[in-house]
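Take a look at the structure below.
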There are 2 protein chains.
Amino acid sequence: MSTEPGTRRRGVAETTAAIESAAIDLVIEHGYDQVTVDMICQAAGISQRTFFNHFKTKDAALLGTDEPAIDQQAAREFIVSDGPLLAEAAGLVRIEPDRLPADPSLIVRRIDAVSQNPMLLARQMERLTAIEDELRQIIALRLRQDAIKAGADDAELADLPEQAEIITHLLAGLMRYVGLSWARRAGDGTPPPIDAGHLTERLGRVIRKLG
Amino acid sequence: MSTEPGTRRRGVAETTAAIESAAIDLVIEHGYDQVTVDMICQAAGISQRTFFNHFKTKDAALLGTDEPAIDQQAAREFIVSDGPLLAEAAGLVRIEPDRLPADPSLIVRRIDAVSQNPMLLARQMERLTAIEDELRQIIALRLRQDAIKAGADDAELADLPEQAEIITHLLAGLMRYVGLSWARRAGDGTPPPIDAGHLTERLGRVIRKLG
DNA sequence: AGTCACTGTTGCAGTCACTGCACTTAATCC
DNA sequence: GGATTAAGTGCAGTGACTGCAACAGTGACT
């Protein structure tokens, strides 16, 4: 009896992927509010309890397991770099490559579903706040580096933490733009890599106008 | 028998304010997760059903009824202004004065509670997205004004909407900072007015470092 | 005084998201 | 072949939230 005589037997990754895929498809078809966890479970062929063993919340299943994180190597380079601060900082946050879903179309479907839904968008923002502390510290280090190079006095150095905080908040807003514009460019095909050069150039033009 | 012989009699505003105040205090004391709607109801002296007649969700009670909105008069001045773009734009978003709670300390307590909690922060962000479209259009007008003054060519003008979008996202991040630092400065006393000059000066120093 | 509409409030029953605990079954290791 | 572990399940319970029906004051009209 190899055909599911009760408890399914598959790897964690497979089940997780099945849940994610089923959840996204259902939300795209019926809308976020109309989809219950029970429906997702039925579509994925599992029990509700198993669903919550794989995902902490319904939203988590829709956002997926690929959380944004700071690229530590890039962060070390960032601190001592001379390049444009904001554009470079935006490049620090990436999705861990080993957590990317096996099915690439899932990402596009997900962005489609998430961008339609304010609730999910808010949750996605919430994820970013998790790494904001880390980000602020890295930016503070970079500011310190820059200030020392420029021969700053003590009063200026003392103000850097506050400045780092402002920049971190600006960056949080910027990252939302990066995500959105990337999704927009992806359309319904395979997502293209983020164009760092393009972002840098455009940001440069924008920043000059802010002051 | 004037003392609550069953159904309380007070205006909507009074009950709403009582709920908000009780909710905030409980969250500050016990933390978001530890506070149930039932607890809030008990503290405010109402039934659960009444709670949900006043607020759609538990989060809504904590965020309050005073939603941020754009000051239209200020917006008109902003479009033709020569001042620092980002700092001035941050001043456009205000809480409608007639929706301010009677008890001024409530705002400070609320920001305190909200800033502690990622869940609530996300919800607050969600509210801001409601006015982001409007904000983007205003910024686009200002950019156009500036560009024409500077004698920009068609290619530059065509890029302005995209730039406006980036700035709007940066601004969304900045507003979070403004709220936080304002609450921090308020401490536990009466909230002081936001110091526009201070913000402008500090932002100017920061923006120079972004490029 | 009697009726009427309105407002603020309530209880109750039910759905949905989510959790803790105890338990089964299938694969794996020794 | 028995012990261990990984994946999954059932169940009972909590907390957020909704729809429905009802009830009590408040004022207004007659």
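Throughout, protein chains are lettered first and strands after them, A, B, ... in sequence-line order, and every chain is numbered starting at 1.
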**Asked** Within this structure, what is the NE2-to-P distance between A/His30 and C/dC16, rounded to whole angstrom?
**Response** 14 Å
**Request:** Quickly work out the A/Asn53 CG to C/dT19 P distance and round it to whole Å.
**Result:** 10 Å
**Prompt:** Just how far, in rounded Å, is C1' of C/dA17 from CZ of A/Phe51?
**Reply:** 9 Å
**Prompt:** Looking across every strand, which nucleic acid part, if any, lies under 4.0 Å from A/Thr36 by heavy atom: base, sugar-phosphate, or nothing?
**Reply:** sugar-phosphate
**Request:** Check whether any side-chain nitrogen or oxygen of B/His54 sits under 4.0 Å from OP1 or OP2 of C/dG8, and answer yes or no.
**Result:** no
**Request:** Measure the distance from CZ on B/Arg49 to P on C/dT7 and round it to the nearest whole Å.
**Result:** 17 Å
**Asked** Is there a donor in the side chain of A/Arg127 and an acceptor in the side chain of A/Gln124, or the other way round, less than 3.5 Å apart?
**Response** no
**Request:** Would you mind reading off the distance between A/Asp59 atom CG and C/dC16 atom P, rounded to a whole angstrom?
**Result:** 16 Å
**Message:** Please check: side-chain N/O of A/Glu14 versus main-chain N/O of A/Gly11, any donor-acceptor pairing under 3.5 Å?
**Reply:** yes
**Asked** What is the distance, rounded to the nearest whole Å, between atom CZ of B/Phe52 and atom C1' of D/dG15?
**Response** 9 Å
**Asked** Counting side-chain heavy atoms from CB outward, which of D/dA16, D/dT9, C/dT19 is closest to A/Thr50?
**Response** D/dT9
**Asked** Does D/dT30 pair with anything, Watson-Crick or G-U wobble, both distances under 3.5 Å, and if so, with which nucleotide?
**Response** C/dA1
**Item:** Within 6.0 angstrom of B/Gln42 CD, more than 12 heavy atoms from elsewhere
**Value:** no
**Message:** Expressed as a whole number of angstroms, how long is the span from B/Ile40:CD1 to D/dA16:P?
**Reply:** 8 Å
**Six-ring centre of B/Phe52, B/Lys58 cation under 6.0 angstrom, axis tolerance 45°** = no
**Request:** Using only side-chain N and O atoms of A/Ser47, determine if any of them is under 4.0 Å from OP1 or OP2 of D/dG8.
**Result:** no
**Message:** Can you tell me which nucleotide in D/dC17, C/dA17, C/dG8 comes closest to the side chain of A/Val37?
**Reply:** C/dA17
**Asked** Is a donor on one side and an acceptor on the other found under 3.5 Å between the side chain of B/Arg123 and the backbone of B/Ala60?
**Response** no
**Asked** Separation of B/Asp38 atom CG from D/dA16 atom P, in whole Å?
**Response** 7 Å
**Prompt:** Side chain of A/Thr57: nearest nucleotide among C/dG8, C/dC18, D/dC17?
**Reply:** C/dC18
